There are 2 protein chains.
Amino acid sequence: MPIKQQIKLTVDAVVFGYIPKEGIVVLLIKRTIEPFLHSWALPGGFVRDEENLENAVTRELLTEAGVNINYLEQLYTFGMPNRDPRGRVVSIAYFGLVNPTNYKLAASSDAEDATWFNIKELPDLAFDHATIIDLAVKRLRNKIRYEPIGFELLDKKFPIADLEKLYETLLDRPIDRRNFQKKINHLGILIAHNEKQKQVSQGRPAKLFSFNEEKYFQLKKDGMAFEI
Amino acid sequence: MPIKQQIKLTVDAVVFGYIPKEGIVVLLIKRTIEPFLHSWALPGGFVRDEENLENAVTRELLTEAGVNINYLEQLYTFGMPNRDPRGRVVSIAYFGLVNPTNYKLAASSDAEDATWFNIKELPDLAFDHATIIDLAVKRLRNKIRYEPIGFELLDKKFPIADLEKLYETLLDRPIDRRNFQKKINHLGILIAHNEKQKQVSQGRPAKLFSFNEEKYFQLKKDGMAFEI
DNA sequence: TCAAAAGTGTTAGTTTTACACCCATGA
DNA sequence: TCATGGGTGTAAAACTAACACTTTTGA
């Protein structure tokens with residue numbers, strides 16, 4: 001029996017960034033087509049017939065916002081029959097991380113505008129995108145405790161205090177500076193550099209560190225558990 | 001511009017059970033249609049136009065194997081362009097748990113046969129179903145440490161030793177009986193019954209317990225973390 | 001020399017692990 | 001009365017949490 005499905009497939013990306021003085025931000029674009037014309041929405045779009053899903057996401061991120069993604073994983077598939085006024089559209093949502101200071105956002109023909117919004121001050125959103133972002137925020141807050149994804153949001157070289165502030169922001173609780181540092185150092189996944197942070201404000205300049213990915217994978221294979 | 005997608009959507013279910021003397025088992029059906037006619041495969045099938053995804057899964061489980069699922073969550077969406085010889089078929093895989101002793105599996109017209117296979121002795125499988133099961137097994141092993149889903153695999157009333165053996169099987173390491181019991185009791189999510197296990201073999205009969213779901217949700221809301 | 005932020009160590013409390021003897025039951 | 005599995009407590013070790021003073025820098 002031939003299958004005559006009318007179901008359409010899209011992908012959507014929830015891309016988070018971290019801006020130290022601002023907090024956690026998410027990338028939104030302003031739609032240039034109906035439905036929800038001129039509404040804010042997640043970057044995304046229809047999956048092409050022979051395209052794999054990750055390609056569809058990275059393609060849409062590049063064409064709609066000029067963003068080259070750093071870290072990308074599948075989040076969840078949304079399939080409620082009435083989530084899209086055009087008919088049955090199932091969307092596979094992805095979860096991404098970038099360091100927003102590396103990008104100049106480029107709104108292209110596919111989007112009127114593309115900007116970072118603080119996750120605490122989101123505008124009205126198209127479709128069920130508010131729900132999707134909610135879920136992605138939960139995933140981020142959870143995942144950062146068990147996997148070293150926080151580094152994707154920071155500069156390659158960073159002072160430990162930046163990492164700590166990121167964790168304080170995401171976990172929404174104060175963290176003891178000394179204990180945090182001890183814990184991170186004890187994991188043995190940071191490389192200390194002989195460089196100091198360029199002075200931003202006052203005070204003693206901090207040493208810079210970077211994440212040692214190879215070492216991490218080695219340690220993980222040996223049974224080490226990353227946990228903050 | 002109208003969208004002319006040829007992509008088709010299916011759901012597949014990885015349903016696990018626990019048989020104390022056997023270990024962790026997964027539900028497979030024998031296909032009655034091409035492709036992979038007569039191969040073992042995960043229960044699943046095409047999503048109907050106006051049907052939500054969970055409904056599609058529970059419908060297929062019921063018609064293909066006569067199973068009423070206990071616990072169901074979305075696992076992952078598989079979208080590699082060549083995963084199905086019929087063309088582009090994207091499949092949303094679900095992860096389910098049942099107590100297999102509650103079911104008499106019923107192979108129906110949609111499946112030649114439906115049986116439980118030990119996850120250590122899987123047959124050759126249709127499509128990319130081996131990959132899907134791999135991922136589901138990882139999810140199960142991981143999830144059982146942070147969420148009280150183990151209870152879904154046991155009888156409503158069970159001796160603590162059964163729960164402990166389940167954890168030993170899944171985590172693949174010995175667990176100290178006394179420490180395990182202390183930990184579980186300390187969580188305060190079990191109800192002790194004034195019943196003893198009917199004698200299966202020799203030895204002192206064990207007290208029976210059941211999972212206190214309400215209490216668990218209350219404690220969780222208050223910040224308690226379930227962790228084994 | 002002052003203000004700001006970085007660097008660093010010790011102690012108490014809590015949690016986790018290791019470990020062994022007695023009890024209830026059926027054969 | 002023996003074999004089998006169930007029930008239970010304590011002490012050492014590891015980990016986590018709390019806490020404050022000194023150093024480096026620029027203004």
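Since the structure is predicted, the reported quantities are computational estimates derived from the model, not experimental observations. All chains are named by letter (A, B, ...) in the order of the sequence lines, taking the proteins before the strands, and each is independently numbered beginning at 1.
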Between atom NZ in K207(B) and atom C1' in dC23(C), what is the gap in whole Å? 13 Å
What is the distance from NZ of K198(A) to P of dG26(D), rounded to the nearest Å? 14 Å
Measure from the side-chain N and O atoms of Y76(B) to the backbone N and O of A136(B), and report whether any donor-acceptor pair falls under 3.5 Å. no
Rounding to an integer number of Å, can you tell me how far R145(A) CZ sits from dT16(D) P? 13 Å
Pick the closest DNA chain C nucleotide for A206(A) and for D176(A) by heavy atoms, then say which residue is nearer the 5' end. A206(A)
Whole-Å distance, L163(A) CG to dA5(C) P, equals 19 Å
What's the CZ-C1' distance between R177(B) and dC22(C), to the nearest Å? 11 Å
Quiz item: R178(A) side-chain donor-acceptor pair to dG7(C) base, under 3.5 Å: no
Assign each of G203(B) and K183(A) to its nearest nucleotide of DNA chain D by heavy atoms, then name whichever residue's nucleotide is nearer the 5' end. G203(B)
Can you work out whether Q202(A) or N179(A) has the more 5'-proximal nearest nucleotide on DNA chain C? Q202(A)
Where the side chain of N212(B) meets the backbone of I189(B), is there a donor-acceptor pair that is under 3.5 Å apart? no
Rounded to the Å, how far apart are R173(A) CZ and dA17(D) C1'? 11 Å
Check each of F209(B), F211(B), Y167(B) against F151(B) using the ring pair (Phe, Tyr, Trp, His ring centres under 6.0 Å) test, and report the only one that passes. F211(B)
F95(A) and Y71(A) aromatic ring geometry - parallel, tilted or perpendicular at 30°/60° bounds: perpendicular
Rounded interatomic separation in angstrom, taking CD1 from I175(A) and P from dC19(D): 16 Å
Distance in angstrom units between D162(B) CG and dG7(D) P, rounded: 11 Å
K182(A) or K196(A): which one's nearest nucleotide on DNA chain D is closer to the 5' end? K182(A)
